[in-house]
Amino acid sequence: PFRPTHRHHYWFIDLRYLVRLGPDQHWVYSLLIIEGYARQILAGMATEAQDVVAVLQGLVAALGAYGRPEGIVSDNGAVFRAEAYEGLLRELEIEVCHIARGKPWENLIETQFKIELRLADAHFEAATTFEEVQARHAAFIETYNTTPHWAHRRRADGRRTPVAVLGWVRGREVAHAALADSVHHVQLERVVNPRGYVSVRRFYLYAERGLARQRVAVWLYDGRLQLAYQDTVLAQYAYRAERRVQRLQAVEAPQLFPTAFASPQLELWELDDAQWRKILPRPYVRHPSRPPTGARQLRLPVERRVDAHHRSAG
């Protein structure tokens with residue numbers, strides 16, 4: 001039912017269990033967004049969270065780079081039924097398409113996941129850190145997009161790879177301001193200060209000192225606050241908020257992730273987790289009230305000089 005007939009007719013999106021990692025053997029997932037006609041992967045990431053924030057991050061990256069498709073196809077998982085996901089698509093006038101329950105083959109991305117399994121799963125299994133998984137996931141996307149695809153074997157124009165078939169063609173234009181407005185309720189942008197913190201409402205939260213003066217994304221959804229730079233998650237916090245006024249009541253449970261953006265400069269004193277405060281209260285600054293109105297405007301001295309000049313001339 002979702003057979004694409006032209007470029008950017010349908011995109012396909014899904015998450016896949018990728019590999020278990022670390023002492024706790026937590027799952028790392030593969031998120032892919034594929035353009036259906038050319039079969040090109042438009043955006044993809046290895047993520048440690050199978051949630052709406054990860055999906056929105058991938059969508060924002062794809063929409064910013066390739067414009068808007070006519071529709072996006074997904075399964076019926078909770079992340080693809082969430083208001084934040086469906087609301088983003090409706091606001092950008094993109095059709096929300098869900099496959100029939102029990103019919104995963106209606107999502108074209110399932111075939112591409114089988115390709116990922118055969119080409120890259122052995123490399124993912126050999127990785128020992130999340131950064132290695134991310135690097136190998138990016139390498140798989142590059143290999144996939146530049147390898148001749150079976151679906152294009154009979155094209156008369158000789159284009160065989162997904163990237164060649166898609167070429168320069170983009171979907172309907174989406175302005176950066178419109179894209180930012182469509183996710184403003186779950187995403188903010190902040191600049192990292194020289195100490196590595198960002199200001200979020202009434203808190204300073206540690207992001208990464210090595211990214212001082214860089215702009216990072218702040219994602220807030222369903223009690224989880226995430227700081228990310230490009231496609232890399234820097235830190236994650238839990239938060240409680242007042243729904244009525246959208247005010248953060250508390251931020252807690254900091255979790256920092258090792259990244260390639262760490263500052264090479266060593267600290268003068270090494271602090272343990274108890275000494276290193278990753279969450280700091282932001283002082284509330286009360287702005288001075290405006291002076292009372294009703295003040296009388298005095299006449300300008302120049303008027304008096306002009307009157308005197310006319311009198312002397314007379």
Side-chain angles (χ1 to χ4, degrees), residues 1-19 27-121 124 137 140-141 144-145 149-153 162-163 165-166 169-172 174 179 182-183 186 221-222:
F2 306 112
R3 187 179 186 88
T5 59
H6 52 272
R7 297 169 181 86
H8 301 294
H9 184 186
Y10 288 118
W11 291 2
F12 298 82
I13 184 172
D14 204 357
L15 286 146
R16 168 181 174 250
Y17 288 88
L18 199 60
V19 65
W27 277 106
V28 175
Y29 308 92
S30 173
L31 170 69
L32 295 180
I33 300 172
I34 289 183
E35 196 283 321
Y37 183 83
R39 306 300 205 275
Q40 179 175 335
I41 298 176
L42 305 177
M45 59 189 290
T47 171
E48 294 181 296
Q50 189 183 26
D51 61 5
V52 175
V53 171
V55 170
L56 293 179
Q57 287 173 335
L59 274 178
V60 168
L63 292 167
Y66 295 96
R68 294 174 291 165
E70 296 175 29
I72 297 182
V73 181
S74 70
D75 62 22
N76 294 275
V79 294
F80 301 116
R81 290 286 185 179
E83 177 57 32
Y85 169 80
E86 293 190 345
L88 169 63
L89 269 57
R90 287 194 299 266
E91 192 163 341
L92 294 177
E93 299 179 345
I94 300 171
E95 182 183 2
V96 180
C97 305
H98 295 292
I99 64 174
R101 295 185 183 276
K103 297 183 178 181
W105 57 85
E106 292 183 357
N107 190 343
L108 187 63
I109 205 169
E110 293 296 329
T111 303
Q112 321 312 313
F113 277 152
K114 297 298 183 184
I115 298 174
E116 181 182 40
L117 184 151
R118 297 190 61 166
L119 287 182
D121 269 23
F124 297 139
H137 193 267
F140 158 72
I141 292 175
Y144 172 90
N145 282 339
H149 197 289
W150 181 257
H152 306 317
R153 68 191 185 281
V163 69
V165 173
L166 186 62
V169 180
R170 298 294 182 265
R172 295 172 296 164
V174 53
L179 184 58
S182 64
V183 293
V186 293
Y221 188 79
D222 197 24

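Because only heavy atoms are used, hydrogens play no part in the values below, and waters and symmetry mates are left out as well, while side chains stay in.
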Any side-chain heavy-atom pair from [X] and [Y] closer than 4.5 angstrom?
X	Y	result
Glu91	Val183	no
Thr47	Leu15	yes
Gln57	Leu31	no
His149	Val165	no
Ile94	Arg172	yes
Glu86	Arg81	yes
His137	Ser30	yes
Glu116	Phe140	yes

*Audit row: Leu63, Arg68, side chain to side chain contact (heavy atoms under 4.5 Å, CB included) steps and yes/no*: CA-CA 6 Å; Leu63 292 167; Arg68 294 174 291 165; 4.3 Å; yes
Distance-only, no hydrogens or angles: does the [X] side chain make a donor-acceptor pair with backbone N or O of [Y] under 3.5 Å?
X	Y	result
Arg153	Trp150	yes
Asn145	Gln40	no
Arg39	Ala151	no
His152	Pro162	no

*Any chance you could measure His9, atom NE2, to Phe2, atom CZ, to the nearest 0.5 Å?*
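His9 NE2 to Phe2 CZ: 10.0 Å, rounded to 0.5 Å.
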*Gap separating the CD atom of Gln112 from the CD1 atom of Ile34, nearest 0.5 angstrom*: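 Result: 4.0 Å between the selected atoms.
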What residues form a ring pair (Phe, Tyr, Trp, His ring centres under 6.0 Å) with [X], not counting sequence neighbours?
X	result
His98	none
Tyr221	none
Phe80	Tyr85

*Looking only at non-hydrogen atoms, find the nearest pair between Cys97 and Gly71 and report the distance.*
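In terms of heavy atoms, the two residues are closest at SG-CA, 4.4 Å.
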What side-chain donor-acceptor pairs closer than 3.5 Å can you find for residues 102-109, not counting sequence neighbours?
residue : atom : partner : partner atom : Å
Glu106  : OE1  : Ala100  : N            : 2.9
Asn107  : OD1  : Ile109  : N            : 3.2
Asn107  : ND2  : Ile13   : O            : 3.3

_Determine whether Glu83 and Arg90 satisfy the following criterion, salt bridge (Lys or Arg N to Asp or Glu O under 4.0 Å), listing intermediate values before the conclusion._
CA-CA 10 Å; Glu83 177 57 32; Arg90 287 194 299 266; 2.7 Å; yes
*Can you tell me if CZ on Arg118 sees more than 12 non-hydrogen neighbours from other groups inside 6.0 Å?*
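Counting neighbours around CZ of Arg118, 12 or fewer heavy atoms of other residues, nucleotides or ligands fall under 6.0 Å, so no.
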*Restricting to pairs with a member in residues 39-68, which pass ring-ring contact (aromatic ring centres under 6.0 Å, His included), not counting sequence neighbours?*
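Sorted result for residues 39-68: empty, none.
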*Could you go through the side chain to side chain contact (heavy atoms under 4.5 Å, CB included) check for Leu59 and Ile33 one step at a time?*
CA-CA 8 Å; Leu59 274 178; Ile33 300 172; 4.0 Å; yes
*Which residue pairs pass the salt bridge (Lys or Arg N to Asp or Glu O under 4.0 Å) test when at least one of the two sits in residues 2-15, sequence neighbours left out?*
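Every pair satisfying salt bridge (Lys or Arg N to Asp or Glu O under 4.0 Å) with a residue in residues 2-15: there are none.
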